[in-house]
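Okay, structure first, notes after.
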Amino acid sequence: MRVHDNPALTAACADASSVIPVFVLDPWFMSPDRVGVNRVRFLLESLKDLDENLKAKGSKLLVIHGDPTRVIPAALREWQCTRLCFEKDTEPYALKRDTAVLELAKKLNIEVHSPSSHTLYDLELLLAKCPKKEPPTAYSSFLKIASSLGSVPKPEPTLSTIPVLIDSGDSKYLSKDVSSLVEMLGSCATGHGIPSLEQLGYPSLEITEGFPARGGETEGLRRLRATLGQKNYVAEFKKPSTNPTQLWSRLTEAFGGSSSGGTKMNPFEAAKKNSSVKTEPNDNVTLNELMAPATTALSPYMKFGCVSARTFYWELHDLLNNELKGKHSKPPESLEGQLLWREFYYLCAFGTKNFDKMEGNRICRQIPWTWDEERLVAWEQGKTGFPWIDASMHQLKQEGWMHHLSRHAVACFLTRGDLFVHWEAGAAVFDRDLVDADYALNNGNWMWLSCSCFFYQYFRVYGPVSFGKKWDKNGDYVRKYLPQLKNMPAKFVYEPWLAPIEVQRKAGCVVGVDYPHPMVDHATASKECIEKLASAYKAHKEGKGREIKAVGSKRKLGE
DNA sequence: TTAGAGTTGATTTT
DNA sequence: AAAATCAACTCTAA
């Protein structure tokens with residue numbers, strides 16, 4: 001979804017008289033049951049931006065709706081293409097899809113290029129370096145394997161022009177009317193052009209709703225460079241200590257704090273009135289950065305390929321090796337470390353069969369999770385009765401985004417911490433609703449949080465009351481996403497059931513009426529979960545892990 | 001076999 | 001704010 005560092009585009013343009021940039025809108029990724037509105041909107045915005053960026057280079061984007069395994073071969077035939085170029089994709093669905101396309105292209109005697117640039121390294125090269133071709137499940141081992149491949153490949157130079165989309169000669173295959181190109185594909189294509197959300201069966205979104213950053217390469221690169229321009233932020237970045245409740249707190253700081261009583265100004269409104277506001281003397285940031293959460297929020301751009309991981313890596317590297325030399329955080333916690341975590345999970349996902357499942361997954365602990373629908377729905381809908389958990393789930397539903405540590409908190413709560421529900425159920429909800437949902441990262445992190453792989457200290461449980469409170473004493477984050485708790489005194493905002501009834505009435509939030517009772521007693525529930533984990537781990541040690549099965553049956557999203 | 005490390009715990013003590 | 005304590009997991013390297 002970009003024109004920078006795009007080796008497939010470069011390969012397509014080399015010695016070509018005419019290049020047709022195509023994006024196929026696969027109905028598989030467009031179903032409201034499986035894909036949340038925020039991610040689809042981000043995709044559509046990214047397509048619009050890609051089209052504009054191609055236009056600036058003398059070309060344009062052709063968007064075809066349909067099954068890629070039918071549309072692409074039909075297009076190759078109709079347009080008499082001699083070469084097909086696309087980015088390598090290592091997800092199971094993509095591998096199946098691309099193999100089918102590749103075989104048909106072979107039959108048509110078409111030259112195919114499928115270079116790797118979505119990850120820092122070509123995953124096949126990384127996997128070849130792994131003992132027994134099995135990816136390590138420890139980050140430190142991964143770092144050694146990665147460094148054995150030498151430095152990360154440099155980004156592909158950006159092309160200044162792209163050979164014409166339409167042949168000037170009046171070829172019957174390259175009509176001047178692009179839409180007729182699609183009509184030639186017949187029944188394969190169900191439409192063309194960039195659709196609206198409504199056309200895809202989604203409700204339209206107000207601009208103030210959803211993930212606050214707009215999709216696209218242009219905005220992604222701007223955001224990347226704005227991030228790297230904040231030198232102190234980059235130098236000191238340590239992921240585990242970033243604040244999951246921070247949404248506009250930097251802005252709040254700029255206005256002298258809001259939680260210490262007095263008249264509370266809406267920081268967003270205030271900033272609009274004071275466009276000259278700066279957080280730090282040398283910090284020339286826009287409103288967008290002032291509104292930024294504690295992490296970079298670049299993940300959706302990485303997921304869609306709006307921003308190249310290699311571009312991110314090398315621009316970061318230049319900064320770390322020059323201006324910030326010797327005075328910056330380091331992997332695994334640093335910003336560079338985050339890019340390497342992504343790479344780590346991509347390698348694990350690529351090298352592990354059934355990476356998105358417990359059963360048949362070589363690296364995943366077998367644990368007797370339940371598919372308790374009632375518990376799952378309460379969690380999914382943010383009705384657990386724990387404000388910190390519920391606020392996070394409401395943020396997910398509304399915006400399609402949560403801070404990494406909020407994801408930890410809700411994932412731990414659903415699985416090994418409190419509810420003992422199958423991690424696959426939680427992963428499916430994240431996969432549907434997150435703007436940055438990513439097969440490798442999502443499933444990998446769910447295994448991590450559920451102590452199924454990568455992380456095994458199951459006795460370390462996040463507190464559904466204590467964890468959020470650590471950063472946000474006043475509960476501003478909770479109040480934002482759970483307005484019914486807006487007037488609850490800070491003392492009770494994380495555990496409203498402890499408030500005396502007259503306090504609840506005064507706050508306009510009576511537990512059991514306006515907000516649910518906590519669905520479990522955390523102390524009891526977590527103790528029971530730890531015991532279950534201990535017993536499953538014991539069975540694993542004794543070689544009896546395979547006898548363990550989940551309880552109940554897998555849910556189908558959308559039902 | 002064993003010591004030490006492991007991006008992101010909670011709580012109490014210093 | 002940092003360290004100790006709680007209990008005790010796996011993986012890696014020696």
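By convention in this document, chain letters (A, B, ...) are assigned in the order of the sequence lines, proteins followed by strands, and residues within each chain are numbered from 1.
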> Any idea which of B:dA10, C:dC9, B:dT7 is nearest the A:Tyr139 side chain?
Replying inline: B:dT7
>> Taking B:dT7 as the reference, what is the distance to C:dA7 when you measure between their P atoms (whole Å, please)?
In response: 24 Å
> Which side chain to side chain donor-acceptor pair (under 3.5 Å) pairs, counting each pair once, include a residue from residues 525-535 of chain A, with sequence neighbours left out?
Replying inline: none
> Rounding to a whole Å, what distance do you find between A:Tyr462:OH and B:dA10:P?
Replying inline: 8 Å
>> Expressed as a whole number of angstroms, how long is the span from A:Met447:CE to C:dC9:P?
In response: 22 Å
>> Less than 4.0 angstrom from a charged side-chain N to a carboxylate O is my criterion; do A:Lys544 and A:Glu547 meet it?
In response: no
>> Base, sugar-phosphate or nothing for A:Lys541? Non-hydrogen atoms, less than 4.0 Å.
In response: sugar-phosphate
> Between C:dA8 and B:dG6, how far is it from one P atom to the other, in whole Å?
Replying inline: 22 Å
>> Check this for me: does any side-chain nitrogen of one of A:Lys88 and A:Asp122 sit under 4.0 Å from a carboxylate oxygen of the other?
In response: yes
> Taking the six-membered ring for Trp, is the centroid-to-centroid distance between A:Phe413 and A:Trp379 below 6.0 Å?
Replying inline: no
> Taking the same atom, P, in B:dA5 and in C:dA3, what whole-Å distance lies between them?
Replying inline: 15 Å
Sort me out a list of protein N/O and nucleotides 11-14 of chain C N/O pairs below 3.5 Å, or just none if empty.
from, atom 1, to, atom 2, distance (Å)
C:dA13, OP1, A:Lys144, NZ, 2.5

> Is it true that atom NZ of A:Lys330 has more than 12 heavy atoms of other residues, nucleotides or ligands lying nearer than 6.0 Å?
Replying inline: yes
>> Tell me the interatomic distance from A:Gln457, atom CD, to B:dG4, atom P, rounded to whole angstroms.
In response: 16 Å
> Any side-chain donor-acceptor pair under 3.5 Å between A:His118 and A:Glu87?
Replying inline: no
>> Can you tell me which nucleotide in C:dC9, B:dT7, B:dA10 comes closest to the side chain of A:Tyr458?
In response: C:dC9
Taking only N/O atoms, report every protein-nucleotides 3-5 of chain C pair under 3.5 Å with atom names and distance.
none

>> Between B:dT2 and C:dC6, how many Å separate the two C1' atoms, rounded to a whole number?
In response: 23 Å
> For residues 384-411 of chain A, which residues have at least one heavy atom under 4.0 Å from DNA chain B?
Replying inline: A:His404, A:Leu405, A:His408
> Centroid-to-centroid, A:Phe454 to A:Tyr345, below 6.0 Å?
Replying inline: yes
> Between A:Phe42 and A:Arg214, is there a cation-pi geometry (under 6.0 Å to ring centre, at most 45° from the normal)?
Replying inline: no
> Less than 4.0 Å between a side-chain N and a carboxylate O, is that true for A:Glu380 and A:Arg432?
Replying inline: yes
> Within 45° of the ring axis of A:Trp371 and under 6.0 Å from its six-membered ring centre, is that where the NZ or CZ of A:Lys554 lies?
Replying inline: no
> Could you state the NZ-P distance from A:Lys538 to C:dT10, rounded to the nearest angstrom?
Replying inline: 13 Å
>> For A:Lys538, is the NZ atom crowded, meaning more than 12 foreign heavy atoms sit under 6.0 Å from it?
In response: no
>> Taking the ring of A:Tyr494 and the ring of A:Phe386, is the distance between their centroids below 6.0 Å?
In response: no
>> Using a 4.0 Å cut-off on heavy atoms, which residues in residues 331-358 of chain A reach DNA chain B? List them by number, or say none.
In response: A:Pro332, A:Glu333, A:Gln338, A:Trp341
> Can you check the A:Phe455 CZ to B:dA5 P distance for me, whole Å?
Replying inline: 17 Å
> Between B:dT8 atom C1' and A:Phe454 atom CZ, what is the distance in whole Å?
Replying inline: 16 Å
> Crowded around A:Gln381 CD? As in, over 12 foreign heavy atoms under 6.0 Å?
Replying inline: yes
> Atom CZ of A:Arg460 and atom C1' of B:dA5: how far apart are they, to the nearest Å?
Replying inline: 11 Å
>> Given A:Tyr121, which partner from the list A:Val152, A:Leu347, A:Ile145 fulfils the side-chain contact (heavy atoms from CB on, under 4.5 Å) test?
In response: A:Val152
>> When you measure from the side-chain N and O atoms of A:Lys470 to the phosphate of B:dA10, is any distance below 4.0 Å, counting only OP1 and OP2?
In response: yes
>> Using a 4.0 Å heavy-atom cut-off, does A:Phe467 contact any base of the nucleic acid, only the sugar-phosphate backbone, or nothing at all?
In response: sugar-phosphate
> Across the strands shown, which category fits A:Trp448 at heavy-atom distances under 4.0 angstrom: base, sugar-phosphate, nothing?
Replying inline: base
> How is the base pairing of DNA chain C summarised as a dot-bracket string, given the Watson-Crick and G-U wobble criteria with both distances under 3.5 Å, [ ] for crossing and | for another strand?
Replying inline: ||||||..||||||
> Is it true that A:Asp436 and A:Arg407 have a side-chain N and a carboxylate O under 4.0 angstrom from each other?
Replying inline: yes
>> Whole angstroms only, please: what is the NZ-P distance between A:Lys238 and B:dG6?
In response: 13 Å
> Are A:Phe350 and A:Tyr346 near enough that their ring centres are under 6.0 Å apart?
Replying inline: no
> Reckon A:Ser241 has a side-chain N or O less than 4.0 Å from the OP1 or OP2 of B:dT8?
Replying inline: no
> With a 6.0 Å cut-off on ring centres, are A:Tyr462 and A:Trp388 close enough?
Replying inline: no
>> Between A:Ser117 and A:Asp5, is there a side-chain donor-acceptor contact under 3.5 Å, judged purely by atom types and distance?
In response: no
